[in-house]
Amino acid sequence: MGEEVKVEVVKLFGVWSSPYSRRIELALKVKDIPFEYVEEDLSNKSTLLLRYNPVHKMIPILVHNGNPIVESLIILEYIDEIWKDHPLLPRDPYERAQTRFWARFIDDKVLASVWRSFLCKDEEREKTKEEACVLLRTLESQLKGKIFFAGDKVGYLDIVANVVAFWIERVQEVVGIKIISEDKFPILCRWIERFYDVSIARECLPPKDKHLVYIKHRYEVARTWNK
Ligand SMILES: N[C@@H](CCC(=O)N[C@@H](CS)C(=O)NCC(=O)O)C(=O)O
């Protein structure tokens, strides 16, 4: 009698345009974990989405053997704990803590600040742009002397920073406000190029034309609310 092979059932509930669900897709691909992808319609959330994430009612949601896990940073850690090959977080506890710190910095500080500078009134633009640049420069300093945030391979922080790599880049193209440019952020721009030289990272990019149309719509709606 052969040993029983445990069948893993992995499902990702996401939205094609969401950098948060793209993070999970990328992590699963880095680790070569087969999964079923379920596209959600956020204007008509499914019963399963509401059941699996009753608190935030958001995607992404990873369902592993029937157990739902929510919040992209937490899902990434879960994936790294369950599937040990191709580790995403460093082994050293201090380095792990630092990595978690910078991931939170991206989501809580950098994104909020960049979005504010896209949405603010014209007269506040210079000030908000400068605030966003200070935060991005701080993040960029984490790349000094390294190919990726995680070292020589794509790791946890690179995956989290996908929002910087494609989302900010594309929003700035739609709204015509340049925050990340070659001259101001040469190291960050090199990282973006290298990140998308990695084929599985490229595979996890939302299709550009469709995404630009989507961002334009979202931006117009957000600007109306902000008036
Ligand atoms: N902090 C969450 C953010 C996820 C998030 O913002 N998801 C958005 C889509 S990009 C969502 O599901 N929104 C649904 C809603 O706001 O109703 C994470 O990291 O997973």
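First listed ligand is number 1; within each ligand, the first listed atom is number 1.
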Applying the 4.5 Å side-chain criterion to the ILVMFWY set and letting contacts propagate, would F105 and I74 be lumped into a single cluster? yes
Side chain of R23, backbone of L76: donor and acceptor closer than 3.5 Å? no
So is I59 touching ligand 1 or not, going by heavy atoms under 4.0 Å? yes
Which ligand 1 atoms does P60 reach within 4.0 Å, using its non-hydrogen atoms? 20 (O)
Residue, atom name and distance, where the atom is the protein heavy atom closest to atom 16 (O) of ligand 1: M58 CE, 4.0 Å
Identify the closest protein heavy atom to atom 10 (S) of ligand 1: which residue and atom is it, and at what distance? S18 OG, 3.3 Å
Please indicate whether any nitrogen or oxygen in S72 is less than 3.5 Å from any nitrogen or oxygen in ligand 1. yes
Filtering E40, K45, R218 for the heavy atom nearest atom 15 (C) of ligand 1 leaves K45
So, does K11 use its side chain to make a donor-acceptor pair with the main chain of I61 at under 3.5 Å? no
Can you check whether V114's main-chain N or O pairs, donor with acceptor, with S117's side chain at less than 3.5 Å? yes
Checking K45 against E40 for the salt bridge (Lys or Arg N to Asp or Glu O under 4.0 Å) test, could you report, in this order, the C-alpha distance in whole Å, the side-chain angles of both residues, the deciding distance, and whether it holds? CA-CA 7 Å; K45 293 174 186 168; E40 276 290 333; over 6 Å; no
Short N/O distance, under 3.5 Å, between Y20 and ligand 1? no
In terms of residue, atom name and distance, what is the protein heavy atom nearest to atom 2 (C) of ligand 1? E71 OE1, 3.4 Å
Please check: side-chain N/O of S17 versus main-chain N/O of H211, any donor-acceptor pairing under 3.5 Å? no
